[in-house]
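Below is one structure, written out as structure tokens; comments come after it.
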Amino acid sequence: MATVEKLIAPVSQAQGDASRNKVTIVGVGQVGMACAVSILLRELPDEMALVDVLEDKLKGEMMDLLHGSLFLKTPKIVANKDYSITANSRVVVVTAGARQQEGESRLNLVQRNVNIFKFIIPQIVKFSPNCTIIVVSNPVDILTYVTWKISGFPKNRVIGSGCNLDSARFRYLMAEKLGLHPSSCHGWVLGEHGDSSVPVWSGVNVAGVGLQQLNPDIGTAQDKENWKDVHKMVVESAYEVIKLKGYTNWAIGLSVAELTESIVKNLKRIHPVSTMVKGLYGIPNEVFLSLPCVLSAEGLTAVINQTLKEEEVAQLRKSAETLWAIQKELKDL
């Protein structure tokens, strides 16, 4: 184009188009787009690809984001239902699948989503054989197992968003009770992302002060301060939000952006995310559960061995049994 030739004097003939930190979002529903926007606002990718089966919605979301290019630091945003546009992604976030209905447990969703994943995962592997996959679709622990099985990836490169959000909800509610900021309230929710999650009361602390030392009954039925309600609210919060607005999206989007940042920037931060736990805490089966994990450029590189109380280990095993009971019934893996 003549105007370009008159305006721009090239110094190098090389086209520097290769993306180093490409992030793909599979599924552009409410959760997928919350993940996309949260990741873009953290200025993590140099290219973002969006994939879905709904072509009009896909094109509309891409155009809407591109119209905000002036306010973003991601020079290339592409969208297509063809997975070839996802080629050479560093991180692939999978949010596609049937959505949880009001009152439906995450585990009821399983077989519907397994069938969808049997199409999605081989496409991701074909075009980005070296990526790290973050699974967000529910029930996340089982679908992370399904992704690991279908992909053939090593377990360090298949991560479930897991209890990163449960722990964030837990810390927020704890902070509300104490009148502090969530970042200063430390606590972990482990196990299943859902109804059988395990609050680690023995590790709850503020500035290194263990709350169990101040209140030995914390989290038990005998506790006069009703801290047990904090975990109850964590478990019920997704159902509550779905009842009020039809879906959850913002908190999970922010949570996934945090995980993506740890991988893209090689931060070696610890997150409660879903990983293969066979052999840990006496769990005999190939299930994925959330434990404190180190995330870096290689994906999930280590698990922290938390010192858990006997009853917490028992709850974790029970969580594993709940998931295994459903996993072993899955067809066509």
Side-chain angles (χ1 to χ4, degrees), residues 17-41 44-69 72 74-101 109-140 143-144 146-153 157-161 246-249 252-253 256-257 259-260 264 332-333:
D17 271 351
S19 300
R20 289 191 174 89
N21 287 323
K22 181 172 179 176
V23 176
T24 286
I25 310 287
V26 180
V28 296
Q30 301 287 0
V31 171
M33 290 316 296
C35 291
V37 168
S38 300
I39 288 166
L40 288 168
L41 290 176
L44 301 176
D46 52 7
E47 180 180 350
M48 180 171 276
L50 307 173
V51 190
D52 203 308
V53 288
L54 304 169
E55 286 184 88
D56 287 354
K57 168 108 167 95
L58 197 55
K59 188 180 177 187
E61 293 290 7
M62 178 188 72
M63 286 173 68
D64 212 357
L65 287 176
L66 288 170
H67 296 162
S69 294
L72 298 171
T74 298
K76 191 175 180 185
I77 300 172
V78 294
N80 205 303
K81 71 173 192 175
D82 188 327
Y83 278 76
S84 60
I85 62 144
T86 70
N88 304 314
S89 293
R90 187 155 171 209
V91 176
V92 177
V93 177
V94 182
T95 72
R99 192 198 283 169
Q100 189 176 5
Q101 302 300 315
L109 283 168
V110 184
Q111 196 65 52
R112 284 201 285 163
N113 280 335
V114 168
N115 299 331
I116 295 168
F117 271 49
K118 277 160 64 184
F119 169 74
I120 292 170
I121 304 303
Q123 301 279 345
I124 293 169
V125 173
K126 179 182 173 184
F127 290 106
S128 301
N130 300 313
C131 74
T132 296
I133 301 175
I134 300 176
V135 181
V136 184
S137 317
N138 274 321
V140 69
L143 291 177
T144 307
V146 167
T147 300
W148 175 60
K149 279 289 189 196
I150 296 171
S151 68
F153 276 11
R157 290 201 283 123
V158 180
I159 302 164
S161 58
Y247 51 88
T248 66
N249 67 327
I252 186 61
V256 170
L259 302 178
T260 306
V264 168
D332 310 323
L333 264 186

Tightest non-hydrogen contact, residues Gly97 and Ile116, listed as CA-CD1, 3.8 Å

Minimal heavy-atom distance between Ile85 and Leu50, with the atoms involved, is CD1-O, 3.5 Å

Looking only at heavy atoms, the pair that brings Val28 and Glu61 closest together is O-OE2, 4.1 Å

Contact between Val23 and Val92 at the side-chain level, heavy atoms closer than 4.5 Å - yes or no? no

Report yes if some heavy atom in the side chain of Val26 is under 4.5 Å from a heavy atom in the side chain of Thr86; otherwise report no.
no

*Give the intermediate values and the outcome of side-chain contact (heavy atoms from CB on, under 4.5 Å) for residues Lys59 and Met63.*
CA-CA 6 Å; Lys59 188 180 177 187; Met63 286 173 68; 4.1 Å; yes

Side chain to side chain, Thr132 and Phe153, heavy atoms closer than 4.5 Å
no

Quick note, salt bridge (Lys or Arg N to Asp or Glu O under 4.0 Å) partners involving residues 117-138, not counting sequence neighbours, are Lys118-Asp332

Are the side chains of Pro45 and Ile39 in contact, using a 4.5 Å heavy-atom criterion?
yes

Residues pairing under side chain to side chain donor-acceptor pair (under 3.5 Å) where one sits in residues 21-31, two or more places apart or in two chains, turn out to be Asn21-Arg90, Lys22-Glu47, Thr24-Ser89, Gln30-Tyr247

OG1 of Thr248 to CG of Asn138, rounded to nearest 0.5 Å, is 7.5 Å

The reported gap from CG in Leu66 to OG1 in Thr74 (rounded to nearest 0.5 angstrom) is 10.5 Å

Between Ala87 and Ser128, the two heavy atoms sitting closest are C-OG, 3.8 Å

With a 4.5 Å cut-off on side-chain heavy atoms, are Val37 and Leu65 touching? yes

Open item on the list: Do Gln111 and Asn115 make a side-chain contact, defined as non-hydrogen atoms from C-beta onward lying under 4.5 Å apart?
Closed with: yes

Closest non-hydrogen contact found for Leu259 with Ser161 is CD1-CA, 4.0 Å

Next item on the list: Dump the intermediate steps for side-chain contact (heavy atoms from CB on, under 4.5 Å) on Val93 and Val135, then the final yes or no.
Entry: CA-CA 6 Å; Val93 177; Val135 181; over 6 Å; no

For Thr95 and Gly32 the tightest heavy-atom approach is OG1-CA, 3.4 Å

Taking the side chain as everything from C-beta on, heavy atoms only, tell me whether Leu143 gets closer than 4.5 Å to Val94.
no

Residue Asp82 excluded, over 12 heavy atoms near CG under 6.0 Å
yes

Please answer whether the main-chain N or O of Arg20 pairs with a side-chain N or O of Asp46 as donor and acceptor at a distance below 3.5 Å. yes

Is there side-chain contact between Ile77 and Leu40, with heavy atoms separated by less than 4.5 Å?
yes

Is it true that, when you exclude Lys57 itself, more than 12 heavy atoms of the residues, nucleotides or ligands shown sit nearer than 6.0 Å to its NZ? yes

So CD1 of Ile134 and OG1 of Thr144: to nearest 0.5 Å the spacing works out to 10.5 Å

Output for pair (Ile124 CD1, Phe119 CZ), nearest 0.5 Å, gives 10.0 Å

Separation between CG (Asn249) and CE (Met33), nearest 0.5 Å, reads 11.0 Å

